[in-house]
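Presented below is the structure to which this report refers.
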Amino acid sequence: VKTMGQKITKLKPFEGFSAETAGALTLFAATHFGIPVSTTHTITGGIIGVGVHKGLSTVRWGVTTKIFWAWILTIPVSALIGAIMYIIFNSVI
C-alpha cells in the first residue's frame, strides 16, 4: 500500500487502512460469488477510491491511466505470447 499509495495518491495510515479494508471486502464478495479477481486490482481500486474522496485533484491520473492500460493489455498480450510459445514448442517436439 505504501508504494501504491505514494504513486497514485499520498495516503495517511487511516486512509491506507480504509483502502486495504475496501480491497479485502471486495475480495471476500468476489470469492463468495466465485468471481476471479486480482488482489492488486482490488487494492488499487480502494486506493483510487480514497484519493477520489479526498478530491479528484489528489489522484495522479497519469499513473492511474498507465495502470489501467497495463490491466487491459495483460490478457491479450499474454494470450499472444502463449500462442507463439505453443507454436514454437509444438514444432520442436
Restricting to non-hydrogen atoms, name the atom on [X] and the atom on [Y] that form the minimum distance, rounded to 0.1 Å.
| X | Y | value |
| --- | --- | --- |
| L11 | V50 | CD2-CG1, 3.7 Å |
| P36 | G34 | CD-O, 3.6 Å |
| V37 | A30 | CG2-CB, 3.6 Å |
| V63 | K7 | CG2-O, 3.7 Å |
| G46 | A22 | CA-CB, 4.3 Å |

[X]-[Y] co-clustered via ILVMFWY side chain contacts under 4.5 Å:
| X | Y | result |
| --- | --- | --- |
| I81 | Y86 | no |
| I35 | W71 | no |
| F28 | F33 | no |

### Message
Can you list everything that forms a side-chain contact (heavy atoms from CB on, under 4.5 Å) with K66? Sequence neighbours excluded, please.
### Response
none

Straight-line distance of [X] [atom1] to [Y] [atom2], nearest 0.5 Å:
| X | Y | atom1 | atom2 | result |
| --- | --- | --- | --- | --- |
| R60 | I67 | CZ | CD1 | 11.5 Å |
| F68 | W61 | CZ | CH2 | 7.0 Å |
| F14 | T21 | CZ | OG1 | 8.5 Å |
| I48 | I8 | CD1 | CD1 | 5.0 Å |
| I47 | K10 | CD1 | NZ | 14.0 Å |

### Query
Salt bridge or not for E15 and K54, using N-O below 4.0 Å?
yes

### Query
Taking S78 for the side chain and I75 for the main chain, is one N or O donor matched with an acceptor at less than 3.5 Å?
no

### Query
Do any N or O atoms from the side chain of T58 and from the backbone of G51 form a donor-acceptor pair under 3.5 angstrom?
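It does hold such a pair.
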
### Query
Heavy-atom count around H53 NE2 within 6.0 Å, excluding the residue itself: above 12?
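Open: at most 12 neighbouring heavy atoms sit under 6.0 Å from NE2 of H53.
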
### Message
Using side-chain heavy atoms (C-beta onward) and a distance below 4.5 Å, is I43 in contact with T26?
### Response
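In short, these two side chains do not touch, never coming nearer than 4.5 Å.
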
